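Each remark here refers to the structure printed beneath this line.
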Amino acid sequence: MLDRMLTHPELLELVNELALQRRIVGPVARDGRYFYEEVTRATDLDLTFNYCVYSPRGALFPPQETLFVFKRTNGTFTAEPVIDVRPTALVGVHPCDIHAIRLLDHVFEQDQRDEHYLSRRAHTMIVGIDCQRPCTEGVFCADMETNAADKGFDVMLYPLSDPGATEPLYGVVYGTSIGRDWVLYGRRGRIPTATDERTFEQYQRHKTDAFPRMLRMKADELPALLDRSYDSLLWEATARRCYSCGSCNLSCPTCYCFNILDETDLSGTTGRRERTWDGCHLREFAEVAGGHNFRPKAGSRLRHRIYRKAKWIRQRTGLPGCVGCARCDRACTAKINSVEIYNQLAEEV
Amino acid sequence: MKPRIAIFSLTGCEGCSLAILELEDQLLDLLGAVDIVNFREGMTDRAWDIDIGFVDGAVSTPEDEKEVRHFREHCKVLVAIGSCACLGGINTLKHYQGATGPKGRGAIGENGSDAYRRYVYGDKAEWFPTTEARPISAVVKVDYELPGCPMVKEEFLAFVTSLLAGRTFKLPDFAVCVECKKRGTLCLYEKGILCLGPVTRAGCNAICPAFGSKCEGCRGIVSKEALVAAGINLREQYNVELQEVLDDLRLYGAYQEADLP
Amino acid sequence: MKNVSIDVKHVTRVEGHGNITIRVQDGAITRLELAIVESPRFFEAFLRGRKYDEAPHITCRICGICSVGHTTASVKAVEAACGIEPSEQTVLLRKLILYGEELQSHFLHLYFLAVPDYFGVGSVIPLAKTHPDVVRRALRMKKLANDICAVVGGRHIHPIALHVGGITHVPRDEELLDLKRRLEATRADLAETAALFATLKVPQLERPTEYVSLKTQNGEYAFYDGDIVSTLDPKPTKAADYRSRILETVVEHSAAKHCRSPNSPTYAVGALARFNNNHSQLHPTARQIARTLGLEPICNNPYHNNTAQLIESVHCVEAAIEILDTLLTHGMQVEPLRKPTRHGLGAGLAEVPRGLLVHEYGIDAKNRIESANLIIPTGQNLANIEEDMRALVPPLLESGLGKEQITLQLEMLVRAYDPCISCATHMLDIKWDET
Amino acid sequence: MLAPPIPYKPTNAELYLPKPARILRITQLTEMEKHYELAFLDGHRLNHQPGQFVQVSILGVGECPISICSSPTRPDTFELCIRRAGSVTNRIHALREKDIIGIRGPLGHGFDVTEMHGKDILMIAGGLGMAPLRSLVQYVLDERPRFGQFHLLYGCREPKELLFTDDLTRWRESGDVNLKITVDRPDEQWRGRVGVVTTLFADLPKLNPQDTVVVIVGPPVMFKFVVIEVLARRIPQSSIYCSLERRMKCGIGKCGHCQANHVYVCIDGPVFKYGQLKAMREAME
Ligand SMILES: Cc1cc2nc3c(=O)[nH]c(=O)nc-3n(C[C@H](O)[C@H](O)[C@H](O)COP(=O)(O)OP(=O)(O)OC[C@H]3O[C@@H](n4cnc5c(N)ncnc54)[C@H](O)[C@@H]3O)c2cc1C
Ligand code: SF4
Ligand code: SF4
Ligand code: SF4
C-alpha cells in the first residue's frame, strides 16, 4: 500500500527543505561511478544511480571517530566522551544497504548501547529508494532476500514511472512518523489513486522476475552448508590468491569491526582515543602480544569472513550478515568471489 | 628534558627533510617539544650529542657509508626516513642499466655494470666514486623506518608524538587498499589500472590513488605472502607476468628484490 | 691578510651538500671553488629503458624542493617528444601548481634560509622565540603555497596528479575558492614581507653578468613556457634549440660539466635573471613592489636575487588568483590522459624557482626512454657563483674583515643564489687537493 | 514547514571511558609479572565475579584486558597480575605506587560460583592462568564451608615463573586446599614435582563425577591434554569450566577482535563450559 505520490521535482523540493535542517548525503556521480557524498542541493544528487561503490555506512559509522578526549593533569586524568550528532538525511539508500544498517543498529544496541553510533543514527533520517532490477552484475541480494525492505527506513521511494519517462514518479511508503511528517509538513505530492496502486502491483511483479538467482541454495541453507565445509580445502585453495588487503571487509556494508588507537598531541598531556575501521582479513586482526595469531593463514581468515557473513551474524542477531550487494566481490583485486565460494562449496557435498 | 633531534641527509633529494619544514601547522609545537640540534638544510649550528637522529637518503658512495656510521655512533635512536633510507629508493634504479640487465643487482664494476656512470660522465667516470645504492639498514642498525617517497610528514609527526607519549611506534601491517577504502577512493583496478596498493604497506593515506594515480609501491612491500599472491593473481587473473610488475616495484624499492620470490 | 685559507664544509641552509674552498697566497687567490660533495645519482642513465610516462615521476625525485618544476619540464619534454598537446585545462592547472612551487620555494628561501643571516642567527629556530610573528607569517605563507600544490597535485614534494598528457585529478570548486580567498589574504603578508626586506641591508657586489631566462611572446611573465633570451642577446631561441644557447662543456680543471653561453664564459639564471629579462611583464603590483624596493633592471648584484624572489612572489600570487578565476568560471572536468602520437626527441623548458630548467628525452618506438639530458639551474649558476666570489674576495680581504665575516659573506652569496645542490649533482662533482 | 526534530538523549555515553584508579601496592612476582592492588579514586567498588576482567588504560598509549585476580569477597580493593608483553603492559610496569591508571569494567562473564556451591572443586592452572584463577581460589577459601573437597593443580615451565608464591605457601599451610605444583624444567633449588601439569592427576583421589566442578585456565596447548584427563574421570562436559584468551579491543562485544567462531570471548566468555567450546573449532585449535 502506497502512502503518497511524489513527482521528481516535488521530491527535490522536499530534499532542499530537508537540507535546511540536516546534512544531506546521497549518491553523487564521480569518476564514472556513484558515491555517497555530502551535498548542499538536491540537484547534486543523482537518484537514477545504479549502485554506489561504497555503502552509506561511513555516514553512520565513520572510518575514524573519536570516542573520547582526555587530559592528563597532575598525576590523574579526565576524559570526556565525544558524541557527534550532526542531523543527517541519507537520501537514496537501496534496500540492501537498509538491511545492512538494520544490522549495524542491532549490533550497536545489543548488550551495551554504543552511543557513538546510536546517537548519530538517531539523528539520521533514511530515505530509501527501491530497486526494480539488479543494480549491476554479480549482486545476489535476491538470494539473500534483501532486495526489498519493509522497515529500516523513514521513507521508501518506489520509482514507478516507465523506464522511458523523463522524470520518475515516486510511490512513497512511510516507515516512521519522521518520514511521514517530512512529506506531509512539506505539503508536497498527492494521495495515491487506485491506478497508482495497480502500477505499484505491476512494479512488484516485474521486480520478482527481474532478479536472477545466483546461489545454488537458499540463504537459510547457507549455515548448514558452511557447517559441513569447515574442513574444505577450498578455503586454502582460494586464499592462495588473497592479498589479505581487507578490501572485502572495508567495502562491506555489514562489516562493523574496529580497532582502537590512542593519539596524543606533541605535549603529551591531551589526546584522543579513536576507533577506526578494521577487517578480519588483515593479518594482525587476531594476533596477540608475543606474536601468536589465532588466524595466521589467509585461508582461515577467508573462512572466518564467509562464516560471519553467511552464518554467525545471522545466528547471533537473527538478521542477514550478508546483503548480497557484491561489493566485496567487486572490491577484491584477486577476484575472490563469495557467490563462487558458496556454489563451489555446494558442489562438494 | 626535551629530546635532542638531528636531521641528516645522504644520497637523495632531501625531500624528506624538507617535509619536516612543511609541517607548517605543527612546526612551532614541534620546536617546543624537541630540540633540533643538527639540521644542515635549515640551520648553521651543529651538535653531536643526539637522542634521535633522522636520516634521509640512501647509502651510495664510500663517503655515505662513513657518514652513516658516524650518525649511528652519535644517535641513541636512529630513524631512516623516506624510501631512499629505508629501501634504497629511486637510487637503486641505476643498477638496472645497460649490461646489468634486470636481475643484475651486482656490485659496481662487475659486467660493466657501472654503465650508468659512463653514460653521465663519459671517460671521467672513474672520478666519481660510487657504490651499490643501499638502504641505511644495510650498513648500520636502524631503530625505526618511516618509508615513503617522500616520507609521510603526518607519519613523522605520529612517530615523534608516539615517542614523546611513550607509545610503541609501529608501521601499519596492512596494505594501501585499506586506506583507499577509508577514503572512499574508486579502486584503480575498476579503471583497468594495475595498482601496487595490494602489496604495498599503508600509512600514506593512499594518496596516489586518491589523486588518480596508481600506487607505485614507495612504502615497500607489505608482506611476502601478498607478493606471492600477486604473482599468482597477475598470471591467472590478469594475464600479466610478475616480472613486469616487479619493474614497477623497483621504482623505489629495488633493494627489496633480495626478498622477492 | 696576505694568506688566507677558508674551508666551509657543507654550506648550511642550502639544499644539498656543497663546500667552499679558498686559498689566498701573498694576497692573490690561488684556489677558489664551490664544490659539490653530494653523491651523484645518475638519473639520465637510469631513465633509459623506463616507460615514457614514468619520466616525470622519476625525475621529480631529483630534488624535493623543486619537484614540481622537474615534473613540469619533464612532462613538457615527453609531450614534445611524443607529439602530445595538453588540454587548456591541464596547462592552467600546471601553471597553478608551478606558481605554488615558486611561492613555496621563494618563501622558504626568503624566510628560512636567507632571513636568519640578516638577523644574525644560525637558523629560523631562534627567531621563533624572538620574532614569533615573523615566523608565524612565514609559516602561514609557506603553507598556502604548499596547499596550492596539494590541491592540484596531491602534495608539493613529488606531486602525484601531474602526468604526461594531462592530469588525473581535478580539484573541487570549494578547494579552489578556499585557495583564492587565502591568496587574496596573503597580499597583506606580502606587504609586510616587503616592508621587512626594505629594512635589511643588502650587501653590495656589482659584477657585469649575463642573465639567461625564458621569455614568452604573449606577454606572460615566463614560468611555464617561453623561449630562451638573455640580457646580452634578447633574440628568442626556441626550446628545441636550447643547445645553441646553453653550451655544456667539460672543464678540465674541475671535471664538471660547466655551462656557458655563446656570449659569456659564465651566466646566471634564476629570479634575478627573469626579473632582468621580463620585468615589464610582471603584474603591476609586483612592479610597484620592485619600485618600492628600488630594484631596477638590469641589476647586477647577485644578493638582489632575494629581492627578485620577493617581487616574483607578488606576481605569482596575482597570477595564481587569475588562474583560479578562470578555472572557477569555466568549471572543470576529468579528462583522459592524452596518448603519444609519434616518437622522437623532445625538450621541455621551464622557469623553476632557481632558474631555467631543461629536460630532454629521446623516446623510442616502444615508448621507452632511450636517452635523457637534464640541465639544472644550479648547475648553470655554479661557475657564475665562483666568478662572483672571485670578485668579492679581494675587496673583502682589503677591508680587513676577519675570516669569520668573510666566510659569512661568501656563504650569504652562495645562499642568495638559493642553490639546489641535490639537483645539480646528477652532473657535477669537484675534487681538490688539500693544501 | 519541517517537522521539529525529535529530541534524543544519549543514555550510555561513558561506555568507553576508563575511570581513574589508584595503585595502592605493587609487588614484583617474577621477572615478567607484577601484582597490583588498586582502588577507584571515587571510592566505587568493582563488584565483580571471579573470572571477569577489566580493561586497563594508560591514556595516550592504549588499553588492554587483564583478569581480576582478587576475590569479590574482599571488595574494598581489587588486584591485577600483569605480565610485561607489549606497549601498554610495559608502560604499566613502569608505574609506581600511588600512580593512577584507567580502569573500565568489570567485563565479561565470570565463573558461575553459585553453581559450584556444595560441589567438590578441581582447579588446574597453567602459567599465567593462575592470575584469573586466584580470584576463584580466594573466593572458595573465603567461603570454604560452601564447598566440598578442593584440589588445586598448578603447573609452570620453571620455578621462577611461579606466581603468588606467598599465597601458595599460605594456602597449603591452611589445609583448606589440596595444592599440587609441578614445573617442566626444575632448577637446583627445586624440590617439588617435575613434569607437565597432567602428571599431577595421578595424585588426585577418586573424583565424584556428578559432584565435581572442574576449572581449567592456562595456555591453549595445556588445555587439550587436561581436558582429556578430566573427561577420562567421567566429569560431565557441563561441569568443566575454562577461560579463553583472544585479542581484544573494546571488551564489550562490538569490535570483533576476540571472536572465535560464533562467540565473542569478551561478552560470551572469557569463561566457557567445555560443552560450549567443543562446538568452537577455533577455540580448540
Ligand atoms: C580476558 C583476558 C584476560 C587477560 N588477563 C591477563 C592477566 O591477568 N594478566 C596479563 O598479564 N595478561 C592478561 N591478558 C593478556 C593481556 O591482555 C595482553 O598481554 C595485553 O593485551 C598485551 O597488551 P600490550 O598493549 O602490552 O601489548 P601489544 O602487543 O602492544 O598489544 C596491543 C594491543 O593488542 C591487544 N592484545 C594484544 N595481545 C593481547 C592478548 N593476549 N589478549 C588480548 N588482547 C591483546 C590489546 O588491545 C593490546 O593493547 C588477558 C587477556 C584476555 C583476553
Ligand atoms: S559480504 Fe559482500 S555481498 Fe555480502 S554484504 Fe558484505 S560486501 Fe555485500
Ligand atoms: S579483498 Fe580479496 S584479496 Fe583482499 S583480503 Fe579480501 S579476499 Fe583477500
Ligand atoms: S586503488 Fe590500489 S591501493 Fe586503492 S584499493 Fe585499488 S588496488 Fe588498493
Side-chain angles (χ1 to χ4, degrees), chain A residues 28 30-37 52-59 62-64 72 239-252 255 259 261-271 276-279 281-285 287 289 296-298 327 330-336, chain B residues 2 23 26-34 157-158 160-168 170 172-191 193-200 202 205 212 222-223 225-238:
Chain A
V28 171
R30 174 159 59 82
D31 274 353
R33 301 285 199 292
Y34 293 94
F35 296 83
Y36 284 105
E37 275 179 15
C52 282
V53 173
Y54 301 113
S55 83
R57 80 165 167 152
Q64 181 146 349
R72 296 205 287 213
R240 263 205 336 180
R241 309 209 300 269
C242 176
Y243 289 110
S244 298
C245 69
S247 289
C248 47
N249 291 133
L250 288 134
S251 52
C252 174
C255 271
N259 201 354
L261 304 164
D262 281 13
E263 281 177 10
T264 40
D265 66 5
L266 275 161
S267 71
T269 53
T270 59
T276 155
W277 287 356
D278 209 335
H281 262 276
L282 303 178
R283 266 179 302 276
E284 275 189 350
F285 189 80
E287 192 179 298
K297 291 171 108 182
R327 287 194 178 94
R330 282 195 302 272
C332 181
T333 59
K335 303 189 185 173
I336 292 174
Chain B
K2 291 203 255 173
L23 281 166
Q26 295 87 11
L27 204 60
L28 290 177
D29 286 345
L30 185 69
L31 293 177
V34 303
L157 203 63
V160 175
T161 40
S162 308
L163 244 56
L164 291 173
R167 246 186 340 264
T168 335
K170 246 179 98 238
D173 178 50
F174 45 79
V176 178
C177 303
V178 168
E179 292 174 340
C180 265
K181 297 295 166 308
K182 287 186 186 172
R183 285 184 81 132
T185 304
L186 176 63
C187 178
L188 292 167
Y189 279 77
E190 290 216 26
K191 300 188 200 168
I193 297 170
L194 294 183
C195 173
L196 293 183
V199 299
T200 303
N205 201 13
V222 63
S223 77
E225 294 99 302
L227 208 63
V228 173
I232 298 169
N233 286 326
L234 292 169
R235 204 167 42 250
E236 292 175 6
Q237 313 290 324
Y238 294 93

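In what follows, chains are A, B, ... by sequence order, proteins preceding strands, each numbered from 1. Not measured: the values here are computed from a predicted model.
Within 6.0 Å of CZ on A/R240 lie no more than 12 heavy atoms contributed by other residues, nucleotides or ligands.
Here the side chain of A/R283 pairs no donor or acceptor atom with the backbone of B/S223 at under 3.5 angstrom. B/Y238 places a side-chain N or O within 3.5 Å of a backbone atom of A/T333 that can act as its donor or acceptor partner.
Contact record, A/R241 with B/N233: O-ND2, 2.9 Å, taken as the closest heavy-atom pair. Nearest approach of A/L250 to B/K181, heavy atoms of both residues: CB-CB, 3.5 Å. Here the shortest heavy-atom pairing between A/R72 and B/A165 reads NH2-O, 4.5 Å.
Proximity to chain A is limited to the side chain of B/L164, based on heavy atoms less than 4.5 angstrom apart. Of the two parts of A/E263, only the backbone, made up of N, CA, C and O, holds a non-hydrogen atom closer than 4.5 Å to a non-hydrogen atom of chain B. Contact annotation for B/T185: only backbone heavy atoms (N, CA, C, O) come within less than 4.5 Å of a heavy atom of chain A. Contacts of B/A33 with chain A are made by side-chain atoms alone, with heavy-atom separations under 4.5 Å and no backbone atom involved. There is no contact between A/S267 and chain B, counting heavy-atom distances below 4.5 Å. The contact between B/L30 and chain A is made by backbone and side chain atoms together, counting heavy-atom distances below 4.5 Å. Heavy-atom distances place no part of B/K2 under 4.5 Å from chain A, backbone and side chain included. For B/E236, the part lying near chain A is the side chain, with the backbone staying farther off; criterion is any non-hydrogen pair under 4.5 Å. Proximity to chain A involves both the backbone and the side chain of B/A230, based on heavy atoms less than 4.5 angstrom apart. Using a 4.5 Å cut-off between heavy atoms, A/L266 touches chain B through backbone and side chain atoms alike.
In this structure the side chain of A/E287 never reaches within 4.5 angstrom of the side chain of B/D173, judged on heavy atoms.
Here A/L282 is the residue among A/L282, A/T269, A/V53, A/N249 with the most heavy-atom pairs under 4.5 Å with chain B. Note on B/A226, B/G197, B/P198: by heavy-atom pairs under 4.5 Å with chain A, the leading option is B/P198. Annotation: maximal heavy-atom pairing with chain B below 4.5 Å, among A/S244, A/A334, A/A298, occurs at A/A334.
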B/V222 vs A/Y243, test: side-chain contact (heavy atoms from CB on, under 4.5 Å). Steps then yes/no.
CA-CA 10 Å; B/V222 63; A/Y243 289 110; over 6 Å; no
For B/D29 and A/D265: C-alpha separation, side-chain torsions, deciding distance, then whether side-chain contact (heavy atoms from CB on, under 4.5 Å) applies.
CA-CA 9 Å; B/D29 286 345; A/D265 66 5; over 6 Å; no
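The CD atom of B/E190 sits 10.0 Å away from atom CG of A/D31, with the distance rounded to the nearest 0.5 Å.
Applying the side-chain hydrogen bond (donor to acceptor under 3.5 Å, both in side chains) rule to B/S162 yields no partners; only residues at least two apart in sequence or on another chain are considered. With sequence neighbours left out, the side-chain hydrogen bond (donor to acceptor under 3.5 Å, both in side chains) criterion links B/Q26 to no other residue.
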